Number of protein chains: 2
Amino acid sequence: MRPTTKDLAIAAGVSLATVDRVLNDRSGVRKDTVERVNQAIEKLGFIRNLVAANLARGKDYRFLFLLPRGGDQFLAGVVARITEANLAFAPEMMRAEVRHIHDSDPHQIANLLGRLDAEQVDGVAIMAPEFPQVRDAMARLAERGIATVSFISGQISSAPEDFVGIDNRAAGATAGRLMGRFAPSVAGKILVVAETMHARDSLERRLGFDEVIHADYPHLTVLPSLETYGDPERSARIIRASFASHAGIAGVYVLGPEARVPLEIVTAQPTRAAIIAHERTPFTEAALLSGQIDALITQDPGHLVRSVMRILRARCDRREILASQEKIRIEIFIKENL
Amino acid sequence: MRPTTKDLAIAAGVSLATVDRVLNDRSGVRKDTVERVNQAIEKLGFIRNLVAANLARGKDYRFLFLLPRGGDQFLAGVVARITEANLAFAPEMMRAEVRHIHDSDPHQIANLLGRLDAEQVDGVAIMAPEFPQVRDAMARLAERGIATVSFISGQISSAPEDFVGIDNRAAGATAGRLMGRFAPSVAGKILVVAETMHARDSLERRLGFDEVIHADYPHLTVLPSLETYGDPERSARIIRASFASHAGIAGVYVLGPEARVPLEIVTAQPTRAAIIAHERTPFTEAALLSGQIDALITQDPGHLVRSVMRILRARCDRREILASQEKIRIEIFIKENL
DNA sequence: CGATTTTTGAGGTGCGTACCTCAATTTGAT
DNA sequence: ATCAAATTGAGGTACGCACCTCAAAAATCG
């Protein structure tokens with residue numbers, strides 16, 4: 001049987017009240033008494049029963065996910081996973097809410113963060129581009145005892161352990177390697193389609209992509225990124241224009257999760273180009289299965305969401321996390337392993 | 001505040017004792033009373049507080065992993081993850097032990113299973129080849145109230161929900177697709193190296209591999225599988241012999257997790273062959289990074305282990321699992337996304 | 001040294017549930 | 001209608017811990 005606080009008290013030769021004071025960091029205990037208790041903890045291998053502690057404390061964990069408004073199928077998937085995680089974690093007294101933000105309005109975001117109350121929220125996960133105001137607001141949250149992580153698209157300054165998501169440079173490099181191997185080994189051009197190159201993740205992906213192509217596939221030329229700004233018509237126009245002005249397009253790399261328009265245009269071309277896209281959505285899955293897309297680079301939204309919740313909770317409990325469980329993998333999907 | 005059993009009792013117009021009987025599936029409650037309580041659960045959105053329940057029950061969960069004796073680096077990784085999961089799940093009162101078995105001795109395995117006591121073990125995860133005796137022993141365990149799953153290499157008869165691991169046919173198909181795309185697009189031969197083709201997973205992988213190659217890469221010829229029987233010398237001998245007798249080997253597919261010997265020999269050949277192997281070990285990782293292996297098809301041992309523990313626990317609690325979390329993915333690793 | 005402050009002990013209550021007992025009530029069968 | 005059986009209620013104890021109070025003991029100070 002696992003030792004309890006009672007066993008601890010006996011082993012340390014103190015009362016339950018003192019054990020409690022030490023365990024919960026309360027004042028009014030002499031240093032050497034604290035030491036005695038800590039030694040007993042060591043000796044017995046006492047592990048605090050968090051389950052019972054939280055029950056006694058009546059504690060529950062309330063987390064907040066701040067996501068960009070609107071959004072693509074990938075984001076919709078993230079929201080769906082949050083709902084799912086909410087059910088799955090409910091027996092463990094954890095709850096998550098989604099709030100949408102204008103991800104281009106740092107002032108609004110900082111404002112929202114500033115108004116959060118530690119009484120009502122235990123942790124926040126933010127998906128927003130890099131803004132100094134947001135970063136500062138996050139720091140102030142931490143001071144007020146609210147745990148924060150940024151996820152999917154990270155704040156540049158955030159320490160690795162404060163970021164839940166993939167290494168986008170590596171993801172781009174992965175795309176680059178696959179492109180190099182999937183495209184024909186003769187001279188050709190690669191089209192890169194992004195929603196915007198202002199986002200850090202797009203930049204990093206492109207960077208990683210270029211690195212690999214330049215180093216190992218010099219016969220391929222990567223064209224300047226096309227920016228769709230989320231506008232399907234603009235998207236169609238500029239991609240068509242690219243095909244018109246460039247002969248020999250051997251591959252298309254779609255940086256963002258909206259692959260529909262690029263795909264339609266590419267498949268309408270007379271010559272087949274290798275297509276690599278990001279994120280698993282109903283649309284990209286179907287395209288992969290039908291052979292229109294050659295490979296998908298993804299991160300598992302379910303894993304992301306659960307990881308965020310476990311990490312935030314560990315922060316609240318001042319516990320260590322199981323690093324290997326929280327590492328978000330860069331997944332490669334082809335038709336066969338979908 | 002979340003509704004408690006007390007709220008439930010009031011809402012259903014019954015006593016706490018009756019609520020308890022319904023929640024814990026005890027006998028002696030009329031059908032319509034059960035119905036009333038269930039309706040109240042619906043209406044209030046009652047979620048049982050597992051934390052409190054387990055505290056009251058004083059229950060802990062003891063699980064047993066039965067793994068083949070000896071074993072490769074992959075197995076060692078699995079064991080390491082079990083140790084790790086043991087720590088991570090300790091606050092939730094779950095413990096796992098490893099016991100090694102002779103995976104070719106069904107009698108010993110069945111015997112061991114037969115002696116397990118429901119007082120001491122709540123669930124068992126078995127990694128062993130298909131044997132009728134083992135299957136029967138597992139069925140008897142279930143009758144005695146001990147949860148079972150087979151993992152990694154499944155019992156053929158086990159329902160999908162009783163198996164934790166990847167679809168090996170799909171994994172082989174994935175390897176096939178990558179081989180098709182990585183190998184040169186001229187006529188060539190593919191070497192397949194397995195520990196033994198008696199194991200079901202090897203057979204299935206080979207099957208999936210062949211399917212893809214035959215369908216889409218007819219210029220590639222897949223040679224009969226070489227069986228190493230886990231013997232490095234034999235392994236070296238037969239692989240060398242293959243290279244000697246076959247010209248134009250364009251690729252090597254290593255079915256099992258022991259890639260060392262095949263790799264050494266292949267890289268010693270004058271012509272480069274594409275190499276695809278299974279499982280992530282210190283050795284295969286290094287080989288992938290150094291460019292000796294082209295791709296790895298893997299399943300995450302950490303995920304496997306945690307999944308087993310969550311599933312076994314859900315069985316014990318007669319709870320549903322979160323299917324999306326427990327689906328083990330067929331991962332593809334290349335140098336860039338390791 | 002006594003007076004004051006600090007430290008410690010003893011004990012209680014409650015968190016939400018499990019599980020038990022015993023008596024009271026209802027139901028079903030005859 | 002009667003009796004046995006099935007169902008339900010009331011109430012208690014326990015799980016391991018947090019948090020509280022009050023008094024007793026010990027340490028510290030002038």
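Quantities reported herein were computed from a predicted structural model and do not represent experimental measurements. The analysis underlying the following values was restricted to heavy atoms, covering all of them including side chains, and did not include hydrogens, waters or symmetry mates.
For the residue pair E326(A) / S307(A), a side-chain donor-acceptor distance below 3.5 Å is found, with atom types taken as modelled. S324(B) and E84(A) share a donor-acceptor pair across their side chains, judged by distance under 3.5 Å alone. With hydrogens and angles left out, the side-chain atoms of N24(B) and R48(B) include a donor and acceptor closer than 3.5 Å.
G28(B) comes within 4.0 angstrom of a nucleotide base, judged by non-hydrogen atoms across all strands. Note on V51(A): nothing from the nucleic acid sits closer than 4.0 angstrom, heavy atoms only.
In this structure, D32(B) atom CG and dT26(C) atom C1' are separated by 12 Å, rounded to whole Å. To the nearest angstrom, C1' of dT17(C) lies 10 Å from CG of L16(B). Atom C1' of nucleotide dT17(C) and atom CE of M93(A) are separated by 12 Å, given to the nearest angstrom. Straight-line distance from the CD1 atom of I10(B) to the C1' atom of dG9(D): 14 Å, rounded to whole Å.
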| Nucleic acid footprint by protein, nucleotides 16-30 of chain D - heavy-atom cut-off 4.0 Å, B for base, S for sugar-phosphate alone | BBBB-------S---

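Salt-bridge annotation for R140(B) and D136(B): absent, with no side-chain N of the basic residue lying under 4.0 Å from a carboxylate O of the acidic one. The residues R329(A) and D300(B) are annotated as salt-bridged, a charged nitrogen and a carboxylate oxygen being separated by less than 4.0 angstrom. Ion pairing between a basic and an acidic side chain is recognised when a charged N comes within 4.0 Å of a carboxylate O; R69(B) and D103(B) show no such pairing.
Expressed to the nearest 0.5 Å, how far CG of L304(B) lies from CZ of F151(B) amounts to 7.0 Å.
Residues G58(B) and R36(B) each lie close to DNA chain D; by heavy-atom proximity, the contact nearer the 5' end of the strand is made by R36(B).
Each end of the helix from dC1(C)-dG30(D) to dT30(C)-dA1(D) gets its own axis from five base pairs, and the two axes differ in direction by 20°, given to 10 degrees.
Within a 6.0 Å sphere centred on NZ of K59(A), other residues, nucleotides and ligands contribute more than 12 heavy atoms.
The side-chain hydrogen bond (donor to acceptor under 3.5 Å, both in side chains) check on T5(A) picks up nothing, with sequence neighbours excluded.
Between T18(B) and dG9(D), a side-chain N or O to OP1/OP2 separation shorter than 4.0 Å is present.
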